[in-house]
Amino acid sequence: MTNKKNVLIFLSVLLGIFIALQVRLVSSGAKYMSIKDMYAYSIELESQKSEIDQLNNKINEIKSQIDAYQTAKDDDGIDYEAFLMSEIESTRKIAGLTDLEGPGVIIIVTDGTRELNENENPNNILVHDIDIRAMVDDLRNAGAEAISINNERVVFNKSNVQCTGPTIKVNDQVFAPPYIIQAIGDRKFLESAINAPGSYSESLRQWGLFVEVNTSININIPAYDGFVDYQYLN
Amino acid sequence: MKKDYFWIGLACIVLGVFIAFQMKFIQGTYLNGSTPTQKTVGILNELAAVNAEKEQLIEEVSRLEEQLDDIQDSASDENAIIKNLTDELNRFKSFSGMTRVTGMGILITIDNPPQDVNLGLDKNIAYDYKLILDLINELNSAGAEAISINEQRMVNNTEIRLAGTQVNVNTIPISPPFIIKAIGNSKTLDGALNQRFGIVQNIREIGYYIEVKQAETIELPAFNGSIKFQYANTVR
């Protein structure tokens, strides 16, 4: 009997300690957060921090631009018109409106030639618009500076790669396989973006499609030729 | 009888070891060694501080941009050729996504479904980032003039990339909910997405939450990164 009493006393003391801890916790302003929420918060923190880095870079860039404009305007030795012309040229380059050349890769993608298995869907060995899009995305991630598909420049806000039955439409031009994707950038990075295990192209190869990458020291990529003024933008 | 006690004792020891392991693991991987409550308070404070800093930086960017505009305006007052050139520059700038823009458009919200406790499966739209690629492509073919995801403007070099459990856009990690804004004819954009068997239906059937709203005016940020060409040269 005394044994049971002792246990009861011990448990009461324990309960008392827990209550005291809980009260302290709540009054200190701590909130309960599940591990999952905490993980989500730490990801958000990371993302905010990298955004801050980006903004800091941008601020430095604008500051140097202000300096450049100010000196071009005040200094009589610098022709302001010529300065503007060179600014226009570099903006056109960023916008994808100039012909570019440089080292890079040439990728050839075409439908698979293997025999189909019994009852297999022929779509398994055909190139689809999503395949091309995913490869372009892989190339961008590897730092491609300019990309073209069958000599049509890929520009983000205007180019769409659309399935049109047996063919694919890029910039309103229709192409049939083989598709030739060219990209300017670091040759090693671009090549491994296509050849690396786990890349999208690797899974295409496993389905039986033909994907070939060649590096080249000089690739020509044409300008995007559909420049128009926007209608809805202000 | 005595043998039973032995086994119960052994089971308790094993259980104790497991619990200790679990605690250590959680503390090591998610909490970096601190207790949960310390970490919670710390993370919330830090988040608030970082948010405030970001707001401040955005303000500074717009202040500096105004300063730059003033310089350009005062220069174009001097003669008409400079004015024309400045206008030309601004046209190309807005085409390449370097300016903040407003206009008529649509707002798309994509989020993960609430966690299914029974199955214990986590569906994460980040793993299906190709659906987002598809969505962006549909927007482009419906004539969108500017697109942003979670305040990251899409430009020529923008990648959408799975990295861990989030998605990198312009190298900034973002996580669901994804808020995609697009400027263009809002009826056309909305119609193209909501077509039967279209992309919205597709995403919904896979189990994600998606909502499309038309908006009279919508504001998109400028591209905040910098594009530098190391390899590509202009052909003359």
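Excluded from the calculations below are hydrogen atoms, water molecules and symmetry mates; all remaining heavy atoms, backbone and side chain alike, are included. If you're wondering where the values come from, they're calculated on a predicted model, not measured in any experiment. Note on naming: letters A, B, ... go to the chains in the order of the sequence lines (proteins, then strands), and numbering restarts at 1 for each one.
- Using a 4.5 Å cut-off between heavy atoms, B:I81 contacts chain A through its side chain alone, with no backbone atom that close.
- Across B:T171, B:T99, B:N90, B:N185, the residue that shares the most heavy-atom pairs under 4.5 angstrom with chain A is B:N185.
- Under a 4.0 Å N-O distance rule, the pair B:E46/A:K49 qualifies as a salt bridge.
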Exercise. Yes or no on side chain to side chain contact (heavy atoms under 4.5 Å, CB included) for A:D99 and B:T234, after CA distance, side-chain angles and deciding distance?
Worked result: CA-CA 6 Å; A:D99 293 341; B:T234 312; 6.0 Å; no
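- Atom CD of B:Q56 has 12 or fewer neighbouring heavy atoms from other residues, nucleotides or ligands inside a 6.0 Å radius.
- Residue B:E159 is tested with A:D137, A:L139, A:V136 for a side chain to side chain contact (heavy atoms under 4.5 Å, CB included); the sole match is A:D137.
- Summarising the geometry, atom CG belonging to A:N56 is positioned 13.0 Å from atom NZ belonging to B:K54; distances are rounded to the nearest 0.5 Å.
- When each of B:I174, B:I136, B:N168, B:I160 is scored by its heavy-atom pairs under 4.5 Å with chain A, the top score falls to B:I160.
- In this structure, the side chain of A:E145 engages the main chain of B:Y231 through a donor-acceptor pair within 3.5 Å.
- B:S96 pairs with exactly one of A:V155, A:L97, A:I94 by the side chain to side chain contact (heavy atoms under 4.5 Å, CB included) rule, that one being A:I94.
- The structure places CD of B:E53 at 9.5 Å from CG of A:L55, a figure rounded to the nearest 0.5 Å.
- For A:S47 (side chain) and B:P173 (main-chain N/O), a donor-acceptor pair under 3.5 Å exists by modelled atom type.
- Shown here for B:A232 and A:K93, the closest heavy-atom pair between the two residues is O-NZ, 3.1 Å.
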For this session: Would you please test A:D138 and B:R161 for side chain to side chain contact (heavy atoms under 4.5 Å, CB included) and show each step?
Result: CA-CA 8 Å; A:D138 273 350; B:R161 186 70 191 181; 2.3 Å; yes
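- A distance of 7.0 Å separates CG in A:L84 from CD in B:Q72, rounded to the nearest 0.5 Å.
- Ranked by heavy-atom pairs under 4.5 Å with chain B, the first of A:T98, A:I52, A:D53, A:I62 is A:I52.
- Scanning all heavy atoms of the two residues, the minimum distance from A:K58 to B:V61 falls at CE-CG1, 4.0 Å.
- The OG1 atom of A:T91 sits 12.5 Å away from the CZ atom of B:R91 when rounded to the nearest 0.5 Å.
- Around CZ of B:F229, the count of heavy atoms belonging to other residues, nucleotides or ligands within 6.0 Å exceeds 12.
- Heavy-atom distances place no part of A:A72 under 4.5 Å from chain B, backbone and side chain included.
- Judged by distance alone, the side chain of A:K63 and the main-chain N or O of B:L64 form no donor-acceptor pair under 3.5 Å.
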For this session: Report the C-alpha distance between A:E51 and B:N224 in whole Å, list the side-chain angles of each, state the deciding distance to 0.1 Å, and finish with yes or no for side chain to side chain contact (heavy atoms under 4.5 Å, CB included).
Result: CA-CA 9 Å; A:E51 252 179 272; B:N224 282 332; 6.0 Å; no
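- Atom NZ of B:K93 has more than 12 neighbouring heavy atoms from other residues, nucleotides or ligands inside a 6.0 Å radius.
- Looking at B:S74, the atoms closer than 4.5 Å to chain A (heavy atoms on both sides) sit in the backbone and in the side chain alike.
- Contact annotation for B:L220: neither backbone nor side-chain heavy atoms come within less than 4.5 Å of a heavy atom of chain A.
- Once rounded to the nearest 0.5 Å, the distance linking CG of B:N156 with CZ of A:R153 reads 6.5 Å.
- Of the two parts of B:T86, the backbone and the side chain both hold a non-hydrogen atom closer than 4.5 Å to a non-hydrogen atom of chain A.
- Heavy atoms of B:N150 lying under 4.5 Å from chain A are absent altogether.
- Contact annotation for A:N57: neither backbone nor side-chain heavy atoms come within less than 4.5 Å of a heavy atom of chain B.
- Proximity to chain A (any heavy atom under 4.5 Å) is restricted, for B:Y129, to the side chain, taken from C-beta onward.
- For A:I217, the CD1 atom counts as loosely surrounded, since its 6.0 Å shell holds 12 or fewer non-hydrogen atoms of other residues, nucleotides or ligands.
- For A:D186, the parts sitting under 4.5 Å from any heavy atom of chain B are the backbone and the side chain alike.
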Exercise. Taking it one step at a time, do A:L100 and B:N233 satisfy side chain to side chain contact (heavy atoms under 4.5 Å, CB included)?
Worked result: CA-CA 5 Å; A:L100 294 176; B:N233 296 313; over 6 Å; no
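- Highest contact tally toward chain B, considering only A:A223, A:A144, A:P103, is held by A:P103 [criterion: heavy-atom pairs under 4.5 Å].
- Of all heavy-atom pairs spanning B:S175 and A:I43, the tightest one is OG-CG2, 3.9 Å.
- For a residue to count as touching a neighbouring chain, one of its non-hydrogen atoms must lie under 4.5 Å from one of that chain's; by this rule B:N51 touches chain A with the side chain only.
- One finds the CG atom of A:N141 at 10.0 Å from the CG atom of B:L162 (value rounded to the nearest 0.5 Å).
- Here B:L47 is the residue among B:N170, B:L47, B:I58 with the most heavy-atom pairs under 4.5 Å with chain A.
- Surrounding NZ of B:K130 are more than 12 heavy atoms belonging to other residues, nucleotides or ligands, all under 6.0 Å away.
- Of the listed residues A:G143, A:A146, A:G104, A:G185, the one with more heavy-atom pairs under 4.5 angstrom with chain B than any other is A:G185.
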